**Q** 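Take a look at the following structure, please.
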Amino acid sequence: MTRRPARFLPRRRQSSRSRRRLTALLLAIVLLPLVPATAQADDPPLPPPSAPAARSAVAAMQPGWNLGNTYDAIPDETSWGNPPVTRSLLKKVKSQGFKSIRLPVTWSIHQGAAPDYRIDAAWMAKVRQVVERALDEDLYVLLNMHHDSWMWVNNLSTDHDTVLARFSATWTQIAAEFRDEPSRLVFESINEPTFSGTSGDDENYRLLAELNRVFHRIVRESGGKNAARLLVLPTLYTNADQGRLDALATELTSLRDPMVATTIHFYGWWPFSVNIAGYTKFDTTSEQDLTSTFDRVYDAFVERGIPVVIGEYALLAYDHNRPGIIERGEVRKYFEFLGDYARRHKLTTMLWDAGQFLNRNTLQWRDPELFAQIKSSWTTRSGTASSDTVFLPKSSAVTSQVLTLNPHGTDFQGLRHGSRNLLRGKDYTVSGDQLTLTAAALTELAGDRTYGVGATLEARFSRGVPWRIDVITYDAPVLSSASGSTDGLSVPTRFRGDMLATMEARYDDGSNAGPASWTSYQQWDTAFTAYTGDSIKLTSDFFASLKDDSRVTLTFHFWSGASATYHVIKTGGTVTGTTA
């Protein structure tokens, strides 16, 4: 995985192919061998469909799981805090319903010098052990070349012959090592391909096509089961913009190999995925970004009979070590929608898990509720609601609260608190998609009105998993003045049951302040954090971006709907913060 901002501008949803386009596809399949090599066309050539065996294999790989930040980690498998891979881990993954694992491997740090670029025997044996253990569990394995993409393969344009020789030597060794493994072992040519020093996308496409051709030739010529092994080819950057898809379609036309599949990665609408620009919710913009991406992929490949693997999916800022960047209910909505839309578009999905989902020390899900939501989305939809929280101000009387239900084709069946079913008409009412919790029920649920979660409800639907609703007692957060250095400032904060959603920053003239100068809503973890229960921290990056002696007004937005205003001034290496 390479963390890079996606394009900010929304992309249009692609329309379905017309009958004319389908006719052209059929004619292309029949007539393409008769077209001279010099023939020109207005549209990219239509690639022939993959073999039924390729489509069946990719379908059988659904769902998949990434053994992330392990054999791709630098310098070794424990560098990111994950323990060595055990058979028990693979058994756990299999038992949770996964049918495949993606095995990212960084080879270059375990290689000798030119001209042989010999892979260390102990490292190869370690990779082989995991492959064979996973195959023993009846899992498909997608084996790739991972961080090599930005460590040296990216220099193909400026050091062509050296890079190509190393790429060839590496894949020659991998292909030879695994040539006799079962067909459930699948090869992926390169992870998130990127190239430096190029003139633009046309050159990038040409370089990637060259790499994929070399990969394809080496594997096919290595014999054994590699002669018909399923091969997975990525788009440039493993991105799904239309130009990337069209370029890969042209590659497939050139290869004319029925045992190939394609791959992209998806981490959501970038502002939502990292919490910037005020995109704190999985809203219609985030939803449209997902649907337009998957629609383009479907139109470019699946509809033409070419299977697609979403080799990585998650959210960029989802991490159990950094809770709060993306509100958990919004995370659940995202995964619920993604799983369903991918399933209906016949896209095989492989969850990127670097340890943030499955705790590899305990072999337990860090958020069982979230995993249940992800797993449910593989087969059906679940009902959700406009929020998973109901905030009740402690300083005023409890009143009824309204949530909007999103049944997603299910039937709402009621609310449950622990082992007790709440009474419709007394504890809550439903009118259309409006769920109203009565003041009497909320008063009982809030209990002694201690700040924080007083009760948790389950909204149950006719299928899928229940939707959690936390009843929270709060009062508006209180911030205090502080002083410090440009290394960072901790703003003393009494959250009083509330939680921070995002932060705006503006100079007195109304212009934006902070590292993201194009928006007033700054990025969580880049400009600010709120991981403790006693402060909000402004980062060194935030202060490095500020003008000296120019007051900045911060507006902290909380999930209850409350906000708090705060002022900061940087003077040289010192900063002061004051309440409004």
Side-chain angles (χ1 to χ4, degrees), residues 25 29 46-67 93-94 97-104 131 134-135 137-145 178 181-192 212 215-216 219-220 225-235 238-240 244-245 248-249 251-253 255-266 293-314 338-353 374-375 377-379:
L25 169 60
I29 294 171
L46 295 172
S50 299
R55 298 194 295 273
S56 296
V58 171
M61 293 167 68
Q62 169 65 13
W65 178 83
N66 273 267
L67 188 63
V93 170
K94 173 69 174 180
F98 292 100
K99 301 296 194 301
S100 62
I101 68 165
R102 183 168 177 260
L103 183 56
V131 168
L135 293 173
E137 296 302 323
D138 202 29
L139 290 162
Y140 280 78
V141 179
L142 179 57
L143 177 65
N144 80 353
M145 178 183 285
F178 295 102
E181 292 297 328
S183 60
R184 281 182 288 107
L185 175 62
V186 181
F187 291 154
E188 176 187 1
S189 62
I190 187 75
N191 174 72
E192 297 184 351
N212 281 337
F215 160 77
H216 178 269
V219 174
R220 289 293 182 246
K225 291 186 172 61
N226 287 345
R229 190 175 303 284
L230 180 63
L231 305 181
V232 175
L233 304 180
T235 60
T238 329
N239 171 276
R244 322 300 196 215
L245 302 175
L248 184 54
E251 285 187 48
L252 298 182
T253 301
L255 291 176
R256 298 194 63 78
D257 187 333
M259 283 302 292
V260 295
T262 61
T263 185
I264 66 158
H265 294 172
F266 188 76
T293 298
F294 289 9
D295 285 349
R296 283 195 305 275
V297 173
Y298 179 87
D299 289 346
F301 297 121
V302 178
E303 192 176 52
R304 298 173 179 179
I306 301 165
V308 176
V309 178
I310 302 180
E312 296 180 13
Y313 79 96
L338 184 151
D340 171 74
Y341 207 78
R343 173 172 52 85
R344 290 191 287 118
H345 285 68
K346 302 178 182 178
L347 305 174
T348 287
T349 57
M350 307 190 87
L351 180 68
W352 177 260
D353 190 355
I374 293 172
K375 186 172 184 176
S377 74
W378 300 336
T379 56

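None of these values were measured; they are calculated from a predicted model. Hydrogens, waters and symmetry mates play no part in the numbers below; they use all other heavy atoms, side chains included.
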**Q** So how far is it from Arg244 CZ to Thr235 OG1, rounded to the nearest 0.5 Å?
**A** 8.0 Å
**Q** Check Glu192 against Thr238 and note the closest heavy-atom contact, atom names and distance.
**A** CA-OG1, 2.9 Å
**Q** I'd like to check the ring pair (Phe, Tyr, Trp, His ring centres under 6.0 Å) partners of Phe294; sequence neighbours left out, ordered by chain and number.
**A** Phe266
**Q** Going by heavy atoms in the side chains, are Leu245 and Val297 under 4.5 Å from each other?
**A** yes
**Q** Does Lys99 reach the side chain of Pro63, with side-chain heavy atoms less than 4.5 Å apart?
**A** yes
**Q** Compare all side-chain heavy atoms of Ile306 with those of Pro47 and state whether any distance is below 4.5 angstrom.
**A** yes
**Q** Supply the atom-to-atom distance Tyr298 OH to Arg304 CZ, rounded to the nearest 0.5 angstrom.
**A** 12.0 Å
**Q** May I ask you to decide if Ala240's main-chain N or O and Arg296's side chain share a donor-acceptor pair within less than 3.5 Å?
**A** yes
**Q** State, with a plain yes or no, whether a side-chain heavy atom of Pro307 is found less than 4.5 Å away from one of Ser50.
**A** yes
**Q** Shortest non-hydrogen contact from Pro104 to Trp352?
**A** CG-CZ3, 4.0 Å
**Q** Is any NZ, NE, NH1 or NH2 atom of the basic residue among Arg220 and Asp257 found under 4.0 Å from an Asp or Glu carboxylate oxygen of the other?
**A** yes
**Q** Does any pair with a residue in residues 51-64 pass side chain to side chain donor-acceptor pair (under 3.5 Å), and if so which ones, sequence neighbours excluded?
**A** Gln62-Thr349
**Q** Roughly how far, to the nearest 0.5 Å, is the CD1 atom of Ile374 from the CH2 atom of Trp65?
**A** 13.0 Å
**Q** Taking the side chain as C-beta and beyond, is there a heavy-atom pair between Leu255 and Leu233 under 4.5 Å?
**A** yes
**Q** Is it the case that more than 12 heavy atoms not belonging to Lys346 sit under 6.0 Å from its NZ atom?
**A** no
**Q** What distance do Ile190 atom CD1 and Asn144 atom CG have between them, rounded to the nearest 0.5 Å?
**A** 7.5 Å
**Q** If you measure from the Lys or Arg side-chain nitrogens to the Asp or Glu carboxylate oxygens, is any gap between Asp138 and Arg184 under 4.0 Å?
**A** yes
**Q** Check Asn66 against Met350 and note the closest heavy-atom contact, atom names and distance.
**A** ND2-O, 3.3 Å
**Q** Step by step, would you call Phe301 with Leu252 a side-chain contact (heavy atoms from CB on, under 4.5 Å)?
**A** CA-CA 10 Å; Phe301 297 121; Leu252 298 182; 3.9 Å; yes
**Q** Which pair of heavy atoms, one from Leu248 and one from Asn212, lies closest together, and at what distance?
**A** CD1-ND2, 4.5 Å
**Q** Are Glu181 and Arg229 ion-paired here, with the side-chain N under 4.0 Å from a carboxylate O?
**A** no
**Q** Any side-chain heavy-atom pair from Val219 and Leu231 closer than 4.5 angstrom?
**A** yes
**Q** Evaluate the criterion side-chain contact (heavy atoms from CB on, under 4.5 Å) for residue pair Ile310 and Thr348; output intermediate values, then yes/no.
**A** CA-CA 6 Å; Ile310 302 180; Thr348 287; over 6 Å; no
**Q** Measure across Ala51 and Met259 and return the closest heavy-atom pair with its distance rounded to 0.1 Å.
**A** CB-SD, 4.2 Å
**Q** So how far is it from Leu135 CG to Ile101 CD1, rounded to the nearest 0.5 Å?
**A** 8.5 Å
**Q** Enter the distance from Leu338:CG to Leu347:CG here, rounded to the nearest 0.5 Å.
**A** 9.0 Å
**Q** By salt bridge (charged side-chain N to carboxylate O under 4.0 Å, His left out), which residues pair with Glu137, not counting sequence neighbours?
**A** Lys91
**Q** Is the backbone of Pro234 close enough, under 3.5 Å, to the side chain of Thr263 for a donor and an acceptor to pair up by distance?
**A** no
**Q** With heavy-atom distances below 4.5 Å as the criterion, would you say the side chains of Ser100 and Leu139 are in contact?
**A** no
**Q** Looking at every non-hydrogen atom in both residues, tell me the closest pair between Asn239 and Ile264 and how far apart they are.
**A** O-CG2, 4.2 Å
**Q** Can you label the angle between the Phe187 ring and the Phe178 ring as parallel, tilted or perpendicular, going by 30° and 60°?
**A** perpendicular
**Q** Between Leu143 and Val186, is any pair of side-chain heavy atoms under 4.5 Å apart?
**A** no
